[in-house]
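Have a look at the structure below, then the notes.
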Amino acid sequence: MKKPLLLLLILCIIIIIILCIRHCHCNPGPVTGNRTDSPSRAPQRIPDQLVVFYKHAPSPQDLTDLKKKIKDAGIDTLHIEVQRCENCTDTLMELWKTPHIETFVHAETVKGGASTGGGTHTVGEDDLGYYLPNYVINTPPEIIPKEPYRSRGQKFRTDTIYSHTADTVRVAILDTGIDPNLFFSYPQYFWVNKTEQANGADEDSNCLKDDLKGWNFANGNNDITDDSRDGHGTRVALFIINEFQRNNTNALQLLILKTHNKNSEGDMFNIMCAMSYAASKKAKIINASWGFYSQYYFVSPYEPIDAIITRIMASKGILVVTAAGNRIAAADDSALHVGIAPADLRNLDRHRFYPACFGGKPNNVLVVTSANDTMVSPSQNYSTTYTDLAVIADTLDEGSLKFKIPLVAGPPEYIAGSSYATAIATGKIAALFPMSSWPAPPSSPKKADVLSKLGTTVGNKTTLEHQVNGGKFIRHH
C-alpha cells in the first residue's frame, strides 16, 4: 500500500474513534447505579424513575405545566408512565417513568427555585411539589448469616404476657415483614384491619384488597411474611414487643408494612407510600431501621425527603424513630474516595447517613445508636448534632456490642446493629409515653418532650457527650 493511502486510512480510523467517543459521551444511556459525576456521592437509584410528591392536589393545568418543564429539560414526555401509590387514598404522591427522567431533579426550574421553609433552597422542589430519584434503600445485616432465618423454624416464648389496660399505641414497622409464627404467638400485639374482610373485596375503599394485617408494598400484595435472610423485620418487632412485655403500661398494636424484599432492598417511592398508609391508619410512631449513605453537602437532593418525613409526617402527628447506621464497607470506600478522613467515617457530621441526618432539626425524628456507657459502638455512627439517644448493649462479643434477641425459644442469640437499638428505643417510647400528652395533628411530639416524659428511664453520661447529644442513654435488659 502506498504511503499516502496508508496515512489516509489511519486518519479515517482516528476520526471514526473520535466520533464514537463523542457519541457515547453525549448519549450515556440509563444510569444503572450511582451518579456519574462522582460514583461516591449518591446511593443507588432505579433508573428512569422520578418520585413526585405534590404539596397540594394538582390541577390539570399544573400537570400540563410540569410536563412542559420536564420537556424543556430535554426529557421525552410523550411516553411518560404515571404510577400512584397502591393505597389510592393518597393522591399526593406519584412515580413517573420515562428514560432519564430522574435527571429532572437537577433541572434549573426546580433547582433552588423554591424554599422548604427553613431559609435554604433545595434541589428538586418548586411551588407544585418535591422531585427526587427513586433511591434504593437497604436494611443490610451486619453479618450475613450462613443459614437463612426462614429455614430455622423459629419458635417464640409466650411464658409471660401482661394485660395492658392503658392507652393503645399503634406502631408502624416499615421493614422486611414479619414471621407468621410471631403473629400467631402474640396476636394481641398486632394491628388488625377491622374494616376489611378476607373476601377479595376492598371494604375500606383504599384500593388494597384484603389488607387485613398490613400491606406488602415491596411486592404489591397482602403477604407480609418476612422472607429476608436475616429476619430483620421480625427481630425489630421482637425488640419492640419485649418492651411491652416488661412494662405493664400502654397497649401495643404493631402495623406491619413490608417495604423491603427478600434481599432487604426497598425503594423511596414504596417507603413513602407505606408512610402514607401508616398515617391513614392512625399510627403514632414509625420505626425506620434502615437508611443510606451519601457524601452530598450544602444543597442536597435529599432535602425533599426531609420535608416529607419531618414535616408531612409531623403534620399527621407521627414520630419517626430511625437508625444512626452501621459501618458498610462499600460506603466507607466511597467516602474515602471523596476525601473523608478515616477518623471521620463514623461521624455523621462528615459521613452522612439518611434519614438519620434529618434528626438534628427540631422535628419528629429521633436517631438512636447502640453504645456502652463510655462510647458509641466503633461499628456504628455518632454525632452530637444528630444522635439523640444511645442504647447500652447487653454484651461485648467478638469485638461487637450486641443485644440478646428477646422472646425466642432455644439457646440465647445475640445480634449487633443500630437497627435493633432503634427498635428498643421505639418500644420504650411507645410503652411508656403517656398518650394523654401526645399532641393531636397537625402537631407532633417533639423529641425533647418525648425523652423528658420517659423520666428516669433516660440517663446521662458525660463520657457519651462527645458522641451523643447530651450523653443521653437507655438500657436494654
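- A 4.5 Å side-chain heavy-atom check between Ser444 and Lys446 finds at least one atom pair inside the cut-off.
- The main-chain N or O of Leu348 is never found under 3.5 Å from a side-chain atom of Asn381 such that the two would form a donor-acceptor pair.
- In this structure, Asn134 contributes its side chain and Val51 its backbone to no donor-acceptor pair below 3.5 Å.
- Between atom CG of residue Asn261 and atom CG of residue Asp227 there is a gap of 7.5 Å, rounded to the nearest 0.5 Å.
- Leu254 is listed as a side-chain neighbour of Ile241, based on a closest heavy-atom distance under 4.5 Å.
- Lys97 NZ: more than 12 foreign heavy atoms inside a 6.0 Å radius.
- The structure places NE2 of His100 at 9.0 Å from OG1 of Thr98, a figure rounded to the nearest 0.5 Å.
- Between Tyr354 and Phe358, the ring-plane angle classifies as tilted under the 30° and 60° cut-offs.
- For Phe292 and Phe353, the gap between ring centers reaches or exceeds 6.0 Å.
- Expressed to the nearest 0.5 Å, how far CE of Met268 lies from CE of Met93 amounts to 10.5 Å.
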Evaluation steps, salt bridge (charged side-chain N to carboxylate O under 4.0 Å, His left out), between Asp65 and Lys69: CA-CA 6 Å; Asp65 293 343; Lys69 284 184 178 182; over 6 Å; no
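- Looking at every heavy atom in both residues, Phe190 comes nearest to Leu182 through CE1-O, 3.8 Å.
- Side chains of Ile286 and Leu174 form a contact here, defined as non-hydrogen atoms less than 4.5 Å apart.
- Of the inter-residue distances, the one linking Ile405 atom CD1 with Gln154 atom CD reads 7.5 Å to the nearest 0.5 angstrom.
- For the pair Asp126 (side chain) and Val110 (backbone), a donor-acceptor distance under 3.5 Å is absent.
- Taking the six-membered ring for Trp and the full ring otherwise, Tyr420 and His232 have centroids separated by under 6.0 Å.
- Considering all non-hydrogen atoms of both residues, Lys258 and Asp223 come closest at CD-O, 4.0 Å.
- Taking the side chain as every heavy atom from C-beta outward, Leu66 and Tyr131 approach each other to under 4.5 Å.
- Shown here for Cys85 and Phe269, the closest heavy-atom pair between the two residues is N-CZ, 3.7 Å.
- Asp344 places no side-chain N or O within 3.5 Å of a backbone atom of Arg350 that could act as its donor or acceptor partner.
- Salt bridge Asp388/Lys447: present, at least one basic N to carboxylate O contact under 4.0 Å.
- One N or O on the side chain of Asp226 and one on the backbone of Thr234 form a donor-acceptor pair closer than 3.5 Å.
- A perpendicular orientation is assigned to the rings of Phe403 and Phe239, their planes being inclined by more than 60° (bins at 30° and 60°).
- With Thr176 contributing its side chain and Ser264 its backbone, the two residues share no donor-acceptor pair below 3.5 Å.
- For the pair Gln83 and Trp96, the minimum side-chain heavy-atom distance is 4.5 Å or more.
- Using a 30° and 60° split on the angle between ring planes, Trp438 and Phe433 fall in the perpendicular class, above 60°.
- Counting non-hydrogen atoms of neighbouring residues, nucleotides and ligands closer than 6.0 angstrom, the NZ atom of Lys316 reaches no more than 12 such neighbours.
- Remark: side-chain polar atoms of Arg235 are paired, donor with acceptor, to backbone N or O of Asp230 under 3.5 angstrom.
- The aromatic rings of Trp191 and Tyr277 sit perpendicular, their planes meeting at an angle over 60°, well past the 30° parallel limit.
- We find the CD-CD1 distance between Glu265 and Ile46 to be 9.0 Å, quoted to the nearest 0.5 Å.
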Steps toward side chain to side chain contact (heavy atoms under 4.5 Å, CB included) verdict (Gln467, Val376): CA-CA 7 Å; Gln467 293 183 316; Val376 167; 3.4 Å; yes
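- Between Asn326 and the choices Ser379, Ser418, Ser400, the side-chain hydrogen bond (donor to acceptor under 3.5 Å, both in side chains) rule is met once, by Ser418.
- Side-chain N or O atoms of Thr322 include one that pairs as donor or acceptor with a backbone N or O of Ala288 at under 3.5 Å.
- Between Ala218 and Asn216, the shortest heavy-atom distance links the atoms N-OD1, 3.1 Å.
- Glu196 places a side-chain N or O within 3.5 Å of a backbone atom of Glu203 that can act as its donor or acceptor partner.
- Thr259 and Ala274 get closest at one heavy-atom pair: CG2-CB, 3.5 Å.
- Note that the CG atom of Leu95 and the CG atom of Asn270 stand 8.0 Å from one another [nearest 0.5 Å].
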